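One structure is given here, and the rest of the page talks about it.
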Amino acid sequence: MTDLTKNFARPEKTEVVVTFGSLDLSVQELLTAAFQVRQRAYVPYSGFKVGAAFRAKSGGQIFSGCNVENAAFTPSSCAERTAIAKAVSEGATEFSAGAVIAYEPEVFTTPCGVCRQFIREFANEDIPIYIAQSIDARISAKEEPLQKEDPILCTSIYNLLPSSFHTYRK
Ligand SMILES: [Zn+2]
């Protein structure tokens, strides 16, 4: 019998927590871009700021985005979708890595279900997704936003959304 599950998205990367300082400079740059754009988050209702950044596979350009809330709530956009919509609008539809940064004490903030599917649309392979915490107190103290010993969750889109919906028709 044909294996109807053989094309399912299965994690190809191991999910690990490492320190910021141990990451390649290109990844540090991606996380820093997500940190910077987080400052522009439009969140008058929740106050929960998120920044995201994706690196285009071709050319390596970084596209970043923040979350944008709306008084009617439903039209709100998450940071990940803002970043990817900006990239697609400018011709980039394939990415080599993504980064997401927000802040909740004691936990990493991972993309919501809608964003996982949105990222998956543009990930035909298991791209790494780096998750960091942004400590707002450091910003007001004018400290480095991301420090060498900060924990970073290195996951991937297939870890976040295995067996995802995907059409193979083009
Ligand atoms: Zn989302």
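Only a predicted model underlies this, so the values are computations on that prediction, with no experimental measurement involved.
- When all heavy atoms of Gln117 and Ser164 are compared, the pair lying nearest together is OE1-CB, 4.3 Å.
- Side chains of Pro111 and Ile131 form a contact here, defined as non-hydrogen atoms less than 4.5 Å apart.
- Between Phe63 and Phe54, the ring center distance fails the sub-6.0 Å criterion.
- With no hydrogens or angles considered, a side-chain donor-acceptor pair links Arg116 and Thr110 at under 3.5 Å.
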Evaluate the side-chain hydrogen bond (donor to acceptor under 3.5 Å, both in side chains) criterion for residues Asp3 and Thr5: first the C-alpha distance (whole Å), next the side-chain angles of each, then the deciding distance (0.1 Å), finally the verdict.
CA-CA 5 Å; Asp3 180 1; Thr5 66; 2.7 Å; yes
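- Transitive grouping of hydrophobic side chains (ILVMFWY, heavy atoms separated by less than 4.5 Å) brings Phe108 and Ile127 into a common cluster.
- Here Asp126 does not pair with Arg120 in a salt bridge; the nearest charged N to carboxylate O distance is not below 4.0 Å.
- Under the 4.5 angstrom side-chain criterion for Ile, Leu, Val, Met, Phe, Trp and Tyr, the cluster partners of Val27 are Val16, Val18, Phe20, Leu23, Leu31, Phe35, Ile101, Tyr130, Ile139, Leu146, Ile152.
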How far apart are the C-alpha atoms of Glu12 and Tyr158, what are their side-chain angles, what is the distance that settles it, and do they pass the side chain to side chain contact (heavy atoms under 4.5 Å, CB included) test?
CA-CA 7 Å; Glu12 295 162 11; Tyr158 289 5; 3.8 Å; yes
Determine whether Ser22 and Lys148 satisfy the following criterion, side chain to side chain contact (heavy atoms under 4.5 Å, CB included), listing intermediate values before the conclusion.
CA-CA 8 Å; Ser22 72; Lys148 279 189 175 148; over 6 Å; no
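- Side-chain contact between Pro145 and Ser134 is absent, with no heavy atoms from C-beta onward closer than 4.5 Å.
- Hydrophobic clustering of Ile, Leu, Val, Met, Phe, Trp and Tyr side chains at less than 4.5 Å, counting indirect connections, unites Val100 with Ile119.
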Are Thr155 and Glu15 close enough, and set up right, to give a side-chain hydrogen bond (donor to acceptor under 3.5 Å, both in side chains), and what steps lead you there?
CA-CA 5 Å; Thr155 181; Glu15 196 167 70; 2.5 Å; yes
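- Considering all non-hydrogen atoms of both residues, Pro151 and Gln133 come closest at CG-OE1, 4.5 Å.
- Between the side chains of Glu149 and Thr19, no donor N or O sits under 3.5 Å from an acceptor N or O.
- Pairs engaging residues 50-60 under the side chain to side chain donor-acceptor pair (under 3.5 Å) rule: Glu29-Arg55, Lys57-Glu125 [sequence neighbours left out].
- Residue Cys66 comes nearest to Arg40 through the heavy atom pair SG-O, 3.5 Å, listed as atom of the first residue, atom of the second, then distance.
- With hydrogens and angles ignored, the 3.5 Å screen pairs no side-chain donor or acceptor of Asn67 with any backbone N or O of Gly51.
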Arg10 and Ser163: side-chain hydrogen bond (donor to acceptor under 3.5 Å, both in side chains), yes or no, with the steps?
CA-CA 7 Å; Arg10 302 284 192 222; Ser163 306; 2.6 Å; yes
Walk me through whether Gln147 and Glu143 qualify under side chain to side chain contact (heavy atoms under 4.5 Å, CB included).
CA-CA 9 Å; Gln147 299 177 0; Glu143 290 178 39; 3.2 Å; yes
